[in-house]
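This report refers to the structure that appears directly beneath it.
Counting convention: from 1, in listed order, for ligands and their atoms alike.
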Amino acid sequence: MTHLARAVVWCAAALIAMPGVASAQQRTLDSVKQRGQLVCGVNVGLAGFSAQDDKGVWTGLDADYCRAIAAAVLGDGNKVRYVATTTKERFTALQSRELDVLARNTTWTLQRDSAQGLSFIGVNYYDGQGFIVKKSANVKSAKELAGATVCVQSGTTTELNLADFFRSNKLEYKTLVFEKSDEALKAYQADRCDSYTTDVSGLYSVRLQMAKPADHVVLPDIISKEPLGPAVRQDDGQWFTIVKWVHFALLNAEEAGVTKANVDQMLNSQVPDVRRLLGKEGDFGKGLGLDNDWAYRIIKHVGNYGEIFDRHVGPDSRLNIPRGRNALYTQGGLHYAPPIR
Ligand SMILES: N[C@@H](CCC(=O)N[C@@H](CS)C(=O)NCC(=O)O)C(=O)O
């Protein structure tokens, strides 16, 4: 036997003997279907992204992404089990297969997208890091925070950007680091720190929790890029493609003017883009391992991206954040989805 032939035989035997290889091939799509439920990792409670309302229903932009995936895959957006994860637990929960997807205001970074074993499917919210201060402090810019104590949450990009910002501006500062955001907020409100820092959307969200929201100002400085998006494990290309196209379908639906209210009427549309989106033309579900009406089901259940945005973080929500960079590219924003074709 040549060296090459021996190597081939050895490799084949090793593959058969290694149980890990077989189980790595257990596709997420198959397990979600078998279970009849999507397991979605979300934030413990961050208004606008994922938080339980007074009836215990998970609400928010990320929570609706979980519903959209369940609608596409299982035909029912209610078939979701939400798993509340902290900043610290979120990645291990996904890696250990406890979750099918993580949709938890998580920033897409190189380290997380490579060494951490995750694959980000896109950006469902373009954010940036900011600071909140008490109005009474009369601070107008983050650069006036020299010598200040800043409260921050551990295991976040926030903690790292904070250090970069003060170092590159040659400013002295102190931090108080907390594992949970409510602990950090308590410290900020008890005047143990002068400022609290996180993603700007999070600042809007936590300001609502304060006793007197009007006593706090979000400073205009944005010190980082925080592209937030859902992530899946790296070992399942089919699942990665499905979750990515759920996101693209939400954007394409908005671009084509397909809404939760008009989606049934739109089934009769003669516009080619709409017909392909809703599965009236072509065989686009097949390549994903889904039925051709996969995108119809998403829109029927949660509406399009713009509707989700308006409902949870935009004008129809208490956060009332302007659409800004989160508008479609056709409106001067950054959201741009590849075509269904
Ligand atoms: N986008 C940043 C920060 C995400 C993050 O966890 N932010 C905090 C502050 S808004 C949070 O969600 N805390 C809620 C909690 O842990 O209860 C990251 O991915 O590291």
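Atom numbering of ligand 1 starts at 1 in the shown order; those under 4.0 Å from a heavy atom of Tyr196 are 9 (C). Ligand-side atoms of ligand 1 in range of Asn43: 11 (C), 12 (O), 14 (C), 15 (C), 17 (O), range being under 4.0 angstrom from any heavy atom. Heavy-atom proximity to Thr87, at under 4.0 Å, picks out these atoms of ligand 1: 5 (C), 6 (O). Residue Leu228 has at least one heavy-atom neighbour below 4.0 Å for each of these atoms of ligand 1: 1 (N). Close contacts between ligand 1 and Thr106 involve ligand atoms 19 (O) [criterion: under 4.0 Å to a heavy atom]. The Arg112 neighbourhood of ligand 1 comprises atoms 18 (C), 19 (O), 20 (O), with distances under 4.0 Å to a heavy atom of that residue. The Thr107 neighbourhood of ligand 1 comprises atoms 1 (N), 2 (C), 18 (C), 19 (O), with distances under 4.0 Å to a heavy atom of that residue.
A parallel orientation is assigned to the rings of Trp108 and Phe120, their planes being inclined by less than 30° (bins at 30° and 60°). Relative ring orientation between Phe131 and Phe166 is described as perpendicular, the plane-to-plane angle rising above 60° on a 0-90° scale split at 30° and 60°. Below 30°, between 30° and 60°, or above 60°: for Tyr125 and Phe309 the angle between ring planes is below 30°, a parallel geometry.
By the criterion of a heavy-atom distance under 4.0 Å, neither the backbone nor the side chain of Tyr204 is placed next to ligand 1.
The list of disulfide (SG to SG under 2.5 Å) pairs with a residue in residues 269-341, not counting sequence neighbours, is empty.
Applying the side-chain hydrogen bond (donor to acceptor under 3.5 Å, both in side chains) test to Arg311 and every residue at least two apart in sequence or in another chain returns Asp64.
Of the candidates Thr157, Asn105, Val44, the one placing a heavy atom closest to atom 20 (O) of ligand 1 is Thr157.
Polar contact with ligand 1: present for Gln153 (N/O pair, distance under 3.5 Å). Where the criterion is an N or O separation shorter than 3.5 Å, residue side chain and backbone included, Lys180 fails it with respect to ligand 1.
Heavy-atom separations between Phe178 and ligand 1 are all 4.0 Å or longer.
Gln111 contributes atom CD, which lies 9.5 Å from atom CG of Leu160 (distance to the nearest 0.5 angstrom).
A salt bridge does not link Arg325 with Asp127: none of the charged nitrogens is closer than 4.0 Å to a carboxylate oxygen.
Side-chain contact check for Thr106 versus Arg112: some heavy-atom pair is nearer than 4.5 Å.
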